[in-house]
Amino acid sequence: YAQFKDKKERCDLNISTNKSSHHTDLFGDDILIVRRGQNFTVTLHLKPGSKEFKQGETKFTLIVETGPLPRKESDTKVSFGLSDSTVDTDWSASAITGPSGNTVSVSINSSPNSPIGLYSLTLDQEGQKTTLGQFVLLYNAWCQRDAVYMPSESKRKEYILGQHGVIYRGTYKRISGTPWNFGQFESGILDICLKILDVNPKFVSDADKDCSGRRNPIYVTRVLSAMVCLNDEGGVLVGEWYDFEGGVHPGTWTGSGKILRQWAKSGPVRFGQCWVFAAVACTVSRALGIPCRVVTNFGSAHDTNANLVIENFYDENGEDMSDDSIWNFHVWVDSWMTRPDLGEDFDGWQASDPTPQEKSEGVYCCGPAPLKAIKEGELTRKYDAPFIFAEVNADVIDKVQLSNGRMVEFGGSTKSVGRFISTKAVGRDERHDITHQYKYAEGSTEERKVYEKAQHHNKLQKRGEEPGLYLKVYSMIVGSDFVVNAILKNNCMDTRTCSFLFFARAVGYNGRKGESCGFTSDKVEVPSGEEKRLSLKLEYSSYGPVITSDRQIKLSAVTVDKQTINFYKAEKVIVLDEPNVEVKLVGDIRVNEPVTAEVTMLNPLPEPLKDCSFSAEGPGLTGGEIIMKKLVSSVKYREDSAKASLEFTPTVVGSSVLLVGFDSNKLKNIKTYISVGVKEKAQPVA
């Protein structure tokens, strides 16, 4: 039988055709990339004068191998011969002669349960082995037998093929969307994603077991949760919330590509926070074929003692002494897969969190936990369901410690944790509220029953709202001076006298308190049915130096009636508006032709902006790079504008998104985006 031509011609992997049918044609890599459980075709070239290939008579074996120690027992090495037709449950192959008679077209079907990764393909005929090439095998959301099968085509386009996303931040009353370029199909990114798997500690300790485990998206998702943040060896990003010297401020990032390339080149990247970790995890998951979405939980609890209760402790002066905390927002990912280890009732979206908070089975990682288990309070279901349940549905208790050491409970809430859980809508740049997928309606009979079920014997009675004390704040832009008000209403039948304290301090998105930027107090006498207002002026000269790039200030009002030992508290986190960045594209936008984006931003601060720069990136627009333009001169205070022209050359026809950012010494991480429609190149007039 056939002797093949020289090495370059003996096998055609039909890269373009196969990638198109496997929905991998967006990858910018010149390598065969296919999805498991689906046929792909290679063409063998016969040596002139060789015997004719006869179906059913000519025999040879194909061998596929992945990992450094491929073994049949681990399913990382599989040998299979030719059959009349392929089967869709295991590795198999069939072959027919090409029209010229000089080629053989071999159809190969991979097992829908195969480990993902880089494979070699070898032909074995009577002991003579010939290497045919390499290919990458990914999970297949289009294959019904694959654990990540997703029946909706529109959702597959969003959660596998979508390269642009929106990540939600702020507070539950001021939700803002931040654009993000996932960039999973950019050249070289898939290779980096596979490298992340190859340097994870489980691979280092037992490469055979790790590579075999990659058949299971549960296992891979858990590895990614541990690997995105640097807590164990090889992690991608270093987490930092305070001191950003020697690295990049987390709010500066606009996409995953630069982070992953920098990690592959020089190791852990400085710095990231929860939304960056989640975005990078989403990029890697989508690249590997796992449907994935970025999720934001507003009012996200961190329950340090695992009792499903956030306990806020205060002294008599209103100072917070708590270990538990509630983050203004927290971001993680949901991944779509079956859960054969738990039963089909728990198939579907699984929450996993790549931000390090607590150890799970000895490793800093979290999930995947089925959303169904979290919603129903099934906290014995793997993995880490109690922690995620508390993040979205913990109850809150407020206690004050008196000078005699006595602890008095004075308030709480069953509704302040887990609000407006958000993700990008399918096919639209709009916010989609998925709170109902995580929990029943707050205060409903079902929600209380689930909470009591989760609590087991540690049941809590539902508490009402705190009476008589609330905060009033209007929209304000960073750089302005403004007044906030605390209003105390006496709902009692008699006049009350109490101390009225009003604090303002900078706060991070994770609830970490910064320095004070305002305080006032008064001793007030409030007749029955009347109100007293305490006003606090917040000046830029006070809050400007202490706020973070999140531009958040926490207001806390406390009233203390020492005669009746009554304490009331009201809190609100305000987010200062950022200035708008205007983007104008000049002229027609055509493929492979330079485009100019004119960008402008008005300085709202009462001081100059120095070290100003604009940036832009977009899939298919900037070649996977971030375009930077630094301004030579500073921007004068108030009413002066930063301006720049950014040039890029689109390489792909169709719709895309250009992400534009502004950075300076005083205003950081200002972002916007604009949709871009790229046309075909104009044809010359005859």
Side-chain angles (χ1 to χ4, degrees), residues 25-28 154-169 175-187 189 251-260 275-276 278-280 282-283 286-287 292-294 296 331 422-432 578 580-601 614-629 644-663 669-680:
D25 48 321
L26 292 174
F27 281 106
S154 61
K155 290 182 179 179
R156 291 192 294 250
K157 287 181 178 179
E158 180 71 43
Y159 300 131
I160 293 288
L161 304 181
Q163 301 180 69
H164 160 70
V166 180
I167 300 172
Y168 295 96
R169 299 164 61 194
I175 298 174
S176 62
T178 299
W180 192 270
N181 177 23
F182 293 116
Q184 69 268 36
F185 299 120
E186 293 174 6
S187 180
I189 294 299
T252 303
W253 302 113
T254 56
S256 304
K258 186 174 182 180
I259 295 170
L260 291 169
W275 71 91
V276 185
V280 171
C282 185
T283 292
R286 290 185 182 183
C292 191
R293 65 187 184 186
V294 176
T296 303
V331 186
S422 304
T423 191
K424 177 185 174 297
V426 173
R428 308 188 313 277
D429 288 338
E430 298 175 6
R431 188 182 73 86
H432 177 45
E578 62 183 37
N580 292 324
V581 177
E582 297 182 2
V583 183
K584 182 180 179 181
L585 300 179
V586 180
D588 274 353
I589 316 299
R590 297 189 180 275
V591 68
N592 296 325
E593 293 184 0
V595 178
T596 298
E598 302 286 354
V599 292
T600 307
M601 194 205 73
F614 285 99
S615 63
E617 70 169 313
L621 300 176
T622 61
E625 300 295 327
I626 298 177
I627 299 171
M628 296 289 297
K629 186 66 173 289
S645 296
L646 303 173
E647 282 200 357
F648 61 94
T649 302
T651 56
V652 179
V653 174
S655 298
S656 187
V657 173
L658 184 70
L659 315 183
V660 178
F662 174 83
D663 208 15
N669 314 324
I670 310 299
K671 294 183 176 64
T672 189
Y673 63 96
I674 184 173
S675 297
V676 180
V678 181
K679 303 176 184 177
E680 294 280 3

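Numbering starts at 1 and runs along the sequence shown. Fair warning: this is a prediction, and the values are worked out from it, not measured in the lab.
Side chain of Gln184 to main chain of Cys282: no donor-acceptor pair is present (N/O by atom type, distance under 3.5 Å, no hydrogens or angles). A donor-acceptor pair under 3.5 Å links the side-chain atoms of Arg286 to the main chain of Gly162, judged by distance alone. With hydrogens and angles ignored, the 3.5 Å screen pairs no side-chain donor or acceptor of Thr296 with any backbone N or O of Val331. The closest donor-acceptor contact from the side chain of Glu186 to the backbone of Gly257 lies at 3.5 Å or more, if one exists at all. Remark: the backbone N or O of Thr252 is paired with a side-chain donor or acceptor of Asn669 at under 3.5 angstrom. Listed for the Lys629 side chain is a donor-acceptor partner under 3.5 Å among the backbone atoms of Ser645.
Contact record, Leu659 with Thr254: CD1-O, 3.2 Å, taken as the closest heavy-atom pair. Considering all non-hydrogen atoms of both residues, Gly255 and Glu617 come closest at N-OE2, 3.3 Å. For the residue pair Ser656 and Gly618, the shortest heavy atom distance occurs at OG-C, 4.5 Å. The two atoms that bring Val583 and Ile674 nearest to each other are O-CD1, 3.8 Å, heavy atoms only. Across every non-hydrogen atom of Phe185 and Ile160, the tightest pair is CZ-O, 3.7 Å. Smallest separation of non-hydrogen atoms from Leu26 and Gln163: CD1-NE2, 4.3 Å.
Under the 4.5 Å side-chain criterion, counting only non-hydrogen atoms from C-beta, Asp429 is in contact with His164. In this structure, Thr596 and Glu598 have side chains that are in contact, with non-hydrogen atoms separated by less than 4.5 Å. Side chains of Leu646 and Phe614 form a contact here, defined as non-hydrogen atoms less than 4.5 Å apart. A 4.5 Å side-chain heavy-atom check between Val294 and Trp180 finds every atom pair outside the cut-off. Residues Val426 and His432 are not in side-chain contact: their nearest non-hydrogen atoms beyond the backbone lie 4.5 Å or more apart. A 4.5 Å side-chain heavy-atom check between Phe648 and Leu658 finds at least one atom pair inside the cut-off. Within the 4.5 Å cutoff, no side-chain heavy atoms of Asp663 are placed close to those of Ser615. The shortest side-chain heavy-atom distance between Leu260 and Val280 falls under the 4.5 Å cut-off.
To the nearest 0.5 Å, the span separating CG on Asn181 from CG on Leu621 amounts to 9.0 Å. Atoms CD and NZ, from Glu625 and Lys258 in turn, are 8.5 Å apart once rounded to the nearest 0.5 Å. Remark: Arg428 CZ to Ser154 OG distance equals 10.0 Å, nearest 0.5 Å. Arg293 contributes atom CZ, which lies 5.5 Å from atom OG1 of Thr423 (distance to the nearest 0.5 angstrom).
The pair Lys424-Glu158 counts as a salt bridge, with a side-chain nitrogen and a carboxylate oxygen less than 4.0 angstrom apart.
Dense packing is recorded around CD of Glu430, with more than 12 heavy atoms of other residues, nucleotides or ligands lying under 6.0 Å away.
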Discussion item. Show, in sequence, the C-alpha distance, side-chain angles and deciding distance for Val166 and Tyr673, and conclude whether the side-chain contact (heavy atoms from CB on, under 4.5 Å) test is met.
Written reply: CA-CA 10 Å; Val166 180; Tyr673 63 96; 4.2 Å; yes

Item to complete: Give the intermediate values and the outcome of side-chain contact (heavy atoms from CB on, under 4.5 Å) for residues Trp253 and Ile259.
Response: CA-CA 8 Å; Trp253 302 113; Ile259 295 170; 3.6 Å; yes

